[in-house]
Structure formats: C-alpha cells, structure tokens
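Note sheet for the following structure.
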Amino acid sequence: MSKIAEIADLVGKGKSKLVAKAVQEALDEGCEPTAILNEGMIDAMAVVGDRFKNNEIFVPEMLVAARAMKKGVEVLKPYLATGATGAMGKLIIATVAGDLHDIGKNLVAMMIESAGFEVIDLGVDVPAEKIIECYKENEDTKIIALSALLTTTMPSLKDTVAALNMADFRSDIKVMVGGAPITQEFADEIGADGYSEDAASAATLAKKLAEA
Ligand code: B1M
C-alpha cells in the first residue's frame, strides 16, 4: 500500500495518532502536501460520507474520522500554509447556524490566512447576529466568508446573507460563500458577492474580492 493510501485507510478508520505519524512519514518521504491532503484525507472523508449514506457506519464513526483528519491537517499545516502576514486585511469566517461541520471551513481559513489575510474564525453553528456583532467590533473587516455543508443548512446560509445584505455596512464588505451543496447559481440567488468550490480557489477569490 502506498503511504497516501495508508493515510486514507487510517483516516477512514479514525486512527488519529497513526494518521499524524503517517502524514509526517509521507512528508519525510517527499510526498506532495496537496496530494496528502486531497488524495489521503479529503477523498477518505468522501468514502466515509458514502459509507454513512449506505448505513455501513454511523455518526460516531464519522466523528472519529473527522478527528483523525484534523490531526493529519495539523501536521500538514506548516507545509500548506505559508506567508501569513495579515496585510490583505481582515476576514471573518464561520459555518452557519445549525451546521456543525468545520473541516472544510478550517481548510478554507488556513488557505485564506496563507494568502495574507488576518482571519477571525467564529467556529461552527454561528448565528447571523454573532457575525454582525463581530463585524461591529472589527469594522476594518473586508470580507465575510460563510460555509454551509448540509442541504438542510442552505436556508440558514440564505438567511445569514440576507441579514448581512440588510446591514448598514453592507457596501463596505464582500460576502463569499461555499461548501459542498453550494453552487454559483445558489450564491447568486441569495445575493452573495462570490462563490468558490474549494479551499485553494477560496483564497484566490478572497484576494480578488479584497482588491475589487
Ligand atoms: Co456530516 N454529513 N452530518 N458529519 N459529514 C455530510 C456532509 C454528508 C454529505 C454525509 C452523507 O450523508 N454522505 C451528509 C449531508 C447530506 C446532505 O446535506 N444532504 C451529512 C449528514 C447527513 C450529517 C448529519 C445530519 C448526520 C446525522 O446526525 N444524522 C449531522 C449533521 C450535524 C450538523 O451539522 N447539524 C452530521 C454530522 C457530522 C459529524 C459531526 C459527525 C462530522 C463533522 C465533524 C466536523 O466537521 N468537525 C461529519 C462528517 C465528518 C461528514 C463527512 C463524512 C465529511 C465532511 C468533511 O469534513 N469533508 C461528510 C461527507 C462528505 O463530505 N462527503 C458529511 C471534507 C472537507 C474538506 O470537505 O466540508 O466539503 P468540505 O469542504 C470543502 C468544500 O466544500 C469547500 O472547500 C473545502 C475544502 O476543499 N468549502 C468552501 C467549504 N466551505 C467553504 C467556504 C468557502 C469556499 C469553499 O467560502 C467561504
């Protein structure tokens, strides 16, 4: 089994400590950090999701797989994220109310930070009021970035963007959205300024929006 296949297997089984060790070994062997992330970990989570959908595993197994991936990402972070300066300005990021998924949001935050932003991460299950309150404490914020990972929290994303669109500071910020069920079409429909599909393109989009 290749090292990356071994990582995918360990993530799927939720073996946190062994994942961290295997990621370090893969790096030492010269594996590309992005290949470790995409093929070793993100693909493994897709398999976990499919197994959940097929009732082969349940929420606790998804949770341990998520913990294992987080351990692996911790080891990988210094190799993926570099040059954090904060010079691009402030960006507030959150997973919307009702949604507890944070791995994707954390990767997006990491890549955006690496692109030079000062990232304020409000975590998961964040109501619109808390985001607005945070903006008021950080009025130099340029972008608000929102994740939704469930079809059932797409309405929550819509409501959050609607609340921001009503705010008196709306013209001073850009709102970007993303997450597995989100599309460009949905982003346009709810009045966001930008949508991106993955963490790397989210960093590119954030730079574009900040410079617009
Ligand atoms: Co949940 N879950 N989950 N889960 N979970 C999914 C999302 C699911 C697809 C699994 C499945 O059925 N196949 C399914 C959703 C189905 C749907 O929406 N119709 C699902 C479900 C149903 C649920 C529960 C309802 C299960 C239950 O309780 N019965 C429940 C809901 C809880 C809640 O949120 N209220 C639930 C719970 C959980 C855990 C807590 C156990 C755990 C999350 C732990 C954590 O995040 N700390 C979990 C997990 C791990 C998953 C899967 C297996 C993996 C998610 C993940 O981390 N993926 C997932 C299956 C899957 O993804 N295929 C699943 C890896 C991550 C890197 O990808 O999050 O898509 P992703 O992020 C990407 C892009 O989306 C994008 O960039 C990221 C990096 O490339 N992106 C952005 C994300 N945010 C962005 C923001 C941007 C731009 C891009 O700009 C701002």
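Whatever order the structure lists ligands and atoms in, that order sets their numbers, starting from 1.
- Of the candidates Val11, Leu100, Ile42, Asn54, it is Leu100 that places a heavy atom closest to atom 34 (O) of ligand 1.
- The nearest protein atom to atom 29 (N) of ligand 1, hydrogens excluded, is given as Phe52 CZ, 3.9 Å; this is a heavy-atom distance.
- Under a 4.0 Å criterion applied to the non-hydrogen atoms of Leu107, ligand 1 contributes the atoms 67 (C).
- Interface atoms of ligand 1 facing Met62, defined by a heavy-atom separation under 4.0 Å, are 1 (Co), 3 (N), 4 (N), 5 (N), 38 (C), 41 (C), 48 (C), 49 (C), 50 (C), 51 (C), 53 (C).
- Nearest to atom 21 (C) of ligand 1 among the protein's heavy atoms is Leu150 CD2, 3.6 Å.
- Atoms of ligand 1 lying under 4.0 Å from at least one heavy atom of Gly178, given by number and element, are 82 (C), 84 (N), 85 (C), 86 (C), 87 (C), 88 (C), 89 (C), 90 (O), 91 (C).
- Interface of Ala199 with ligand 1, defined as ligand atoms under 4.0 Å from a residue heavy atom, comprises 77 (O), 79 (C), 80 (O).
- Contacts between Leu205 and ligand 1 below 4.0 angstrom, taking non-hydrogen atoms only, are absent altogether.
- Closest heavy-atom approach to atom 81 (N) of ligand 1 among the candidates Ala203, Ser201, Gly179: Gly179.
- Residue Asp99 has at least one heavy-atom neighbour below 4.0 Å for each of these atoms of ligand 1: 34 (O).
- The residue among Ala44, Gly104, Ala192 with a heavy atom at the shortest distance from atom 66 (C) of ligand 1 is Gly104.
- Within the 4.0 Å cut-off (strictly below), no protein heavy atom is located near atom 8 (C) of ligand 1.
- Pairing each heavy atom of Gly123 with each of Lys105, the nearest pair is O-CE, 3.6 Å.
- If you check each of Thr151, Val96, Val124, Ile143 against atom 17 (C) of ligand 1, the one with the closest non-hydrogen atom is Thr151.
- Hydrophobic cluster membership differs between Ile112 and Val175, with clusters built from Ile, Leu, Val, Met, Phe, Trp and Tyr side chains linked at under 4.5 angstrom.
- No hydrogens or angles considered: nothing links the side chains of Asp159 and Ser156 as a donor-acceptor pair under 3.5 Å.
- Remark: side-chain polar atoms of Tyr135 are not paired, donor with acceptor, to backbone N or O of Thr141 under 3.5 angstrom.
- Ligand 1 lies within reach of Ala46, whose nearest heavy atom is under 4.0 Å from it.
- Contacts with ligand 1 closer than 4.0 Å are made by side-chain heavy atoms of Lys70 only, the backbone lying farther away.
- Hydrophobic clustering, with ILVMFWY side chains joined whenever heavy atoms are under 4.5 angstrom apart, groups Val177 together with Ile144.
- Side-chain atoms of Arg51 do not come within 3.5 Å of backbone N or O of Asn54 as any donor-acceptor pair.
- No donor-acceptor distance shorter than 3.5 angstrom exists from the side chain of Asp99 to the backbone of Asp125, with no hydrogens or angles considered.
- Checking atom 24 (C) of ligand 1 against the protein gives no heavy-atom contact under 4.0 Å.
- Atom 39 (C) of ligand 1 has Leu63 CD1, 4.3 Å as its closest protein atom, hydrogens excluded (heavy atom only).
- For atom 90 (O) of ligand 1, the choice among Val177, Asp43, Asp102, Val175 with the nearest heavy atom turns out to be Val177.
- Short contacts between ligand 1 and Ala66, defined as distances under 4.0 Å to a heavy atom of the residue, involve ligand atoms 44 (C), 50 (C).
- Nearest-heavy-atom check against atom 89 (C) of ligand 1 across Ala145, Ser196, Ala97, Ser147 picks out Ser196.
- Of the protein's heavy atoms, Val59 CG2, 3.6 Å lies nearest to atom 28 (O) of ligand 1.
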Open item on the list: Working note: Leu37 + Leu107, criterion side-chain contact (heavy atoms from CB on, under 4.5 Å); need CA distance, chi angles, decisive distance, verdict.
Closed with: CA-CA 10 Å; Leu37 178 69; Leu107 287 175; 3.9 Å; yes

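- Comparing Lys53, His101, Met69, Met111 against atom 2 (N) of ligand 1, the shortest heavy-atom distance belongs to His101.
- Met176 CE to Leu91 CG: the interatomic distance, rounded to the nearest 0.5 Å, is 6.5 Å.
- The part of Val108 lying near ligand 1 is the side chain, judged by heavy-atom distances below 4.0 Å.
- Across Val64, Val19, Val48, Ile103, a single residue satisfies side chain to side chain contact (heavy atoms under 4.5 Å, CB included) together with Met69, and that is Ile103.
- Contact detail for Ile143 and Ala206: the closest heavy-atom pair is CD1-O, 3.2 Å.
- How far CD of Glu29 is from CD1 of Ile36: 9.0 Å, rounded to the nearest 0.5 Å.
- Side chain of Glu113 to main chain of Met110: no donor-acceptor pair is present (N/O by atom type, distance under 3.5 Å, no hydrogens or angles).
- Comparing Val48, Thr153, Ile182, Leu149 by heavy-atom distance to atom 70 (O) of ligand 1, the nearest is Leu149.
- Shortest contact from atom 59 (C) of ligand 1 to any protein heavy atom: Gly49 CA, 4.6 Å.
- With Glu61, Met45, Met41 as candidates, the residue nearest to atom 54 (C) of ligand 1 on a non-hydrogen basis is Met45.
- Of the candidates Leu91, Ile103, Leu146, it is Leu146 that places a heavy atom closest to atom 91 (C) of ligand 1.
- Shown in contact with Asp198 at under 4.0 Å from a heavy atom are these atoms of ligand 1, numbered in order with element: 76 (C), 77 (O), 80 (O).
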